[in-house]
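The structure under discussion appears below in the form of structure tokens.
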Amino acid sequence: MTPAELSAALRALLTDAVDDGTLPLSPADLPATVTVERPRSREHGDWATNVAMQLGKKAGMSPRALAELLQARLLALPGVSAVEVAGPGFLNITLDAAAAGELARTVVEAGTGFGRNETLAGQRINLEFVSANPTGPIHIGGVRWAAVGDSLARMLEASGAQVTREYYFNDHGAQIDRFARSLLARAKGEEAPEDGYGGQYISEIAEAVTERRRAEGLPAPLTLPQDEAQEVFRAVGVDLMFTEIKERLHQFGVDFDVYFHEDSLHSSGAVERAVARLRELGHIFEAEGATWLRTTDFGDDKDRVILKSDGHAAYIAGDLAYYLDKRERGFDRVIIMLGADHHGYIGRMMAMCAAFGDTPHVNLEILIGQLVNLVREGQPVRMSKRAGTVVTIDDLVDAVGVDAARYSLARSSTDSMIDLDLDLLTRASNENPVFYVQYAHARTVSVGRNAGELGVSRADGFDPALLDHTTESTLLAALGEFGRVVAQAAELREPHRVARYLEELAGAYHKWYDQRRVTPFGDEQVTDTHRTRLWLNDATRQVLANGLGLLGVSAPERM
RNA sequence: GCCCCCGUAGCUCAGUGGAUAGAGCAUCGGACUUCUAAUCCGCAGGUCGCAGGUUCGAAUCCUGCCGGGGGCGCCA
């Protein structure tokens with residue numbers, strides 16, 4: 001029996017109690033889904049529900065009394081072997097081994113689909129993340145969003161949502177001009193301009209631009225007038241950077257469905273259209289030579305300039321047009337992941353959303369994640385694009401590999417800062433729990449391989465009542481939690497929950513492995529015990545693989 | 001000054017109002033002449049930053065303070 005089935009049974013049982021008058025409540029008082037969770041301590045049974053405590057007050061009875069009322073009815077359910085009322089009114093439920101063990105077959109038969117749920121079915125979500133400027137390689141801060149964002153996208157999809165991964169490419173404006181001037185200066189052998197970029201990569205790109213021009217038979221950029229030369233460095237340099245970023249992300253296992261170029265919003269007239277729309281809606285005013293959006297009408301702390309007095313669009317103008325564009329492409333939820341250094345944007349972005357007539361925090365959601373801190377020998381390392389002391393996605397991957405990098409970035413809450421110790425990274429980091437999880441997976445594969453060689457086959461038998469060891473009920477309970485964890489991670493936009501869950505599952509598996517043997521000893525006869533344990537082994541393998549897949553981490557067959 | 005995040009075991013961190021607050025790493029002591037010892041078992045380790053409040057119940061919610069990080073442009 002899965003916890004979902006148990007939850008549904010509980011719901012039905014409550015409805016019955018309301019219908020026959022034993023429970024003085026109306027059907028509307030009952031929660032849509034009854035919470036069924038693993039109790040903190042295994043001594044409290046396989047599953048627990050707090051529904052009696054939730055309903056006690058409404059029903060005008062003590063939670064314990066209500067729990068006792070439900071106890072007998074629960075016990076009558078097939079597969080339930082014990083029910084006790086505990087503490088303030090918990091109902092602790094123990095399944096008989098056969099009912100609990102049945103889950104092993106459920107998992108194996110569901111295969112890669114196990115854990116999928118439909119809680120977000122029908123939602124069209126646009127998830128924007130990374131969106132690093134094309135003025136340099138993706139640094140360590142951007143990598144966190146690549147790992148977290150892609151994992152979140154996978155979990156949203158596993159929960160039934162239709163997700164588009166999107167990268168906003170800021171190829172317009174003053175920063176790009178600085179990038180172009182830096183390339184030009186370096187090509188001429190000069191120092192980077194005061195407000196420009198200085199890293200080694202600038203030289204490489206400058207050379208690459210010149211090289212590409214030569215390959216295409218076009219005049220060398222430096223022979224052109226200053227303006228034209230700078231434009232060549234801008235256009236070609238951005239394109240090269242774009243290609244490189246795309247490639248690096250691909251190697252990191254992150255592929256976007258849409259790379260959206262900011263410049264296109266300006267060249268297509270989308271910005272003008274968005275401003276015109278807001279003007280129609282009466283939220284635009286002119287002052288001090290500039291055009292403003294009255295965001296204070298929607299809770300922002302000050303109004304915002306969208307068209308500067310010099311005639312150029314302010315940065316937020318692009319955001320307006322971009323948001324409108326996403327909505328017009330049919331997304332009902334626009335999610336943007338930003339670093340903590342951008343949290344000040346939330347107010348104006350939500351105001352902008354409301355100005356368009358949408359609902360802030362529903363149609364537009366902004367996820368703020370804390371920054372990654374680089375540390376070397378306990379001392380913070382300051383990164384600077386200008387000085388070229390940037391730690392990039394490649395540096396990280398070269399040091400620890402994609403799996404360890406993605407896992408370590410995705411396993412903590414985005415609310416907490418991550419300290420990455422550069423010295424620790426360069427050592428073989430056995431400290432990364434990803435190996436604990438991957439090792440568990442490799443073990444399940446190895447066990448399955450040996451079992452097959454010794455003639456143990458799942459098809460020959462399955463007797464779930466044989467899964468009666470304490471490590472087996474713990475492992476089964478952990479397997480049963482997977483779907484709920486995935487749904488919760490998606491709903492709360494907290495992919496780290498899946499990683500934490502996998503560590504727990506891997507632990508439960510290792511403990512089981514230590515206590516119970518799948519393959520027969522020596523010339524021992526193959527029995528249903530071996531076959532049934534193989535089902536459990538393979539069910540665990542499946543969930544570990546599915547979970548690692550949600551994190552974009554490989555599930556190795558050998559280690 | 002205002003806004004956001006964090007403060008939990010020696011370290012890194014889980015824990016969206018529930019039971020005796022957990023895991024990994026580190027330390028110490030055990031377990032492989034049979035499915036992977038990258039594992040398992042055991043010991044030890046805590047005023048959940050501090051002080052109030054809300055209630056049957058608070059690490060979790062509210063208020064104030066302390067400490068750390070980030071943000072408050074006609075920059076992008």
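A, B, ... follow the sequence lines: proteins, then strands. Residue 1 opens every chain. The figures here come from the full heavy-atom set of this structure, side chains too, leaving out hydrogens, waters and symmetry mates.
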Check: Whole Å only: how far is the CD atom of A:Gln370 from the C1' atom of B:G7?
Finding: 13 Å
Check: Roughly, in whole Å, what's the span from CZ in A:Arg348 to C1' in B:G71?
Finding: 10 Å
Notebook entry, point to check: Which nucleotide in the list B:C13, B:C40, B:A37 gets nearest to the side chain of A:His510?
Noted result: B:C40
Checklist line | Lys/Arg N to Asp/Glu carboxylate O, A:Glu524 vs A:Arg517, below 4.0 Å | finding: no
Margin query: If I take atom CZ in residue A:Phe521 and atom P in nucleotide B:C32, what distance separates them, rounded to the nearest angstrom?
Written below: 13 Å
Next item on the list: Counting heavy atoms from C-beta on, name the nucleotide in B:A19, B:C13, B:U36 closest to the side chain of A:Val447.
Entry: B:U36
Check: Under 3.5 Å, is there an N or O donor on one side and an acceptor on the other linking the side chain of A:Ser309 and the base of B:C74?
Finding: yes
Note to self: Looking at B:G73, I'd like to know if its phosphate oxygens (OP1 or OP2) sit under 4.0 Å from a side-chain N or O belonging to A:Lys302.
What the structure shows: yes
Next item on the list: For A:Gly87, report the nucleic acid contact type (base, sugar-phosphate, nothing); a contact means any heavy atom under 4.0 Å.
Entry: nothing
Notebook entry, point to check: If you take atom types as modelled and just measure distance, does the side chain of A:His343 reach the base of B:C72 with a donor-acceptor pair under 3.5 Å?
Noted result: no
Margin query: Does B:G15 have OP1 or OP2 under 4.0 Å away from a side-chain N or O of A:Arg497?
Written below: yes
Notebook entry, point to check: Within the structure shown, what part of the strands sits under 4.0 Å from A:Ala86 by heavy-atom distance: base, sugar-phosphate, or nothing?
Noted result: base
Check: Which is true for A:Arg178 with a 4.0 Å heavy-atom rule: it touches a base, it touches only sugar-phosphate, or it touches nothing?
Finding: nothing
Checklist line | Watson-Crick/G-U partner (both atom distances under 3.5 Å) of B:G29 | finding: B:C41
Check: Does A:Arg531 come within less than 4.0 Å of A:Asp528, counting only side-chain N to carboxylate O?
Finding: yes
Next item on the list: Could you check how far CD of A:Glu503 sits from P of B:A23, rounded to whole Å?
Entry: 12 Å
Notebook entry, point to check: Whole-Å distance between B:C3 P and A:Leu338 CG?
Noted result: 21 Å
Notebook entry, point to check: Phosphate oxygens OP1/OP2 of B:U36: is one of them under 4.0 Å from a side-chain N or O of A:Thr444?
Noted result: no
Check: When all nucleic acid strands are considered with a 4.0 Å heavy-atom cut-off, which category describes A:Ala440: base, sugar-phosphate, or nothing?
Finding: nothing
Margin query: From C-beta outward on A:Arg443, which listed nucleotide comes closest to its side chain: B:C74, B:U36, B:C5?
Written below: B:U36
Next item on the list: Answer with yes or no whether A:Tyr436 presents, from its side chain, a donor or acceptor under 3.5 Å of a partner atom in the base of B:U39.
Entry: no
Check: Any cation-pi pair here, A:Arg443 with A:Tyr509, using under 6.0 Å and within 45°?
Finding: no
Check: 5'-most contact on RNA chain B: A:Ile316 or A:Gly522, nearest heavy atom basis?
Finding: A:Gly522
Check: Do the side-chain N or O atoms of A:Lys511 get closer than 4.0 angstrom to the phosphate oxygens (OP1, OP2) of B:U39?
Finding: no
Next item on the list: Select one nucleotide: of B:A14, B:U16, B:C5, the one nearest the side-chain heavy atoms of A:Leu492.
Entry: B:U16
Notebook entry, point to check: Reckon A:Ser413 touches a base, only the sugar-phosphate, or nothing at all at heavy-atom distances under 4.0 Å?
Noted result: sugar-phosphate
Margin query: My understanding is that a pair needs two contacts under 3.5 Å, Watson-Crick or G-U wobble. By that rule, which nucleotide pairs with B:U55?
Written below: none
Notebook entry, point to check: Does B:U12 pair with anything, Watson-Crick or G-U wobble, both distances under 3.5 Å, and if so, with which nucleotide?
Noted result: B:A23
Margin query: Any base atoms under 4.0 Å from A:Ser412, or only sugar-phosphate, or nothing? Heavy atoms, all strands.
Written below: sugar-phosphate
Next item on the list: Just call it for A:Ala451: base, sugar-phosphate, or nothing, with non-hydrogen atoms closer than 4.0 Å on any strand.
Entry: nothing
Item checked: Sugar-phosphate only, base, or nothing, as touched by A:His172 at under 4.0 Å among non-hydrogen atoms -> sugar-phosphate
Next item on the list: Measure the CD-OH distance between A:Gln438 and A:Tyr407 for me, rounded to the nearest 0.5 Å.
Entry: 9.5 Å
Note to self: Could you identify the nucleotide paired to B:C2, looking across every strand shown and requiring Watson-Crick or G-U wobble geometry with both distances under 3.5 Å?
What the structure shows: B:G71
Note to self: Check this one for me: any side-chain N or O of A:His496 less than 4.0 Å away from OP1 or OP2 of B:G15?
What the structure shows: yes
Next item on the list: Quick one: look up who B:G64 pairs with, Watson-Crick or G-U, both distances under 3.5 Å, and put none if it's unpaired.
Entry: B:C50
Note to self: Can you tell me how far apart CD1 (A:Ile93) and CD (A:Glu84) are? Round to the nearest 0.5 Å.
What the structure shows: 10.5 Å
Check: Using a cut-off of 4.0 Å on non-hydrogen atoms, how would the nucleic acid contact of A:Arg533 be classed: base, sugar-phosphate, or nothing?
Finding: nothing
Next item on the list: Establish whether the base of B:A37 is bridged to the side chain of A:Asp514 by a donor-acceptor pair shorter than 3.5 Å.
Entry: no
Notebook entry, point to check: Any idea how A:Trp535 and A:Phe462 line up, ring-wise: parallel (<30°), tilted (30 to 60°), or perpendicular (>60°)?
Noted result: tilted
Notebook entry, point to check: A:Leu152 versus A:Leu367: any side-chain heavy-atom pair under 4.5 Å?
Noted result: yes
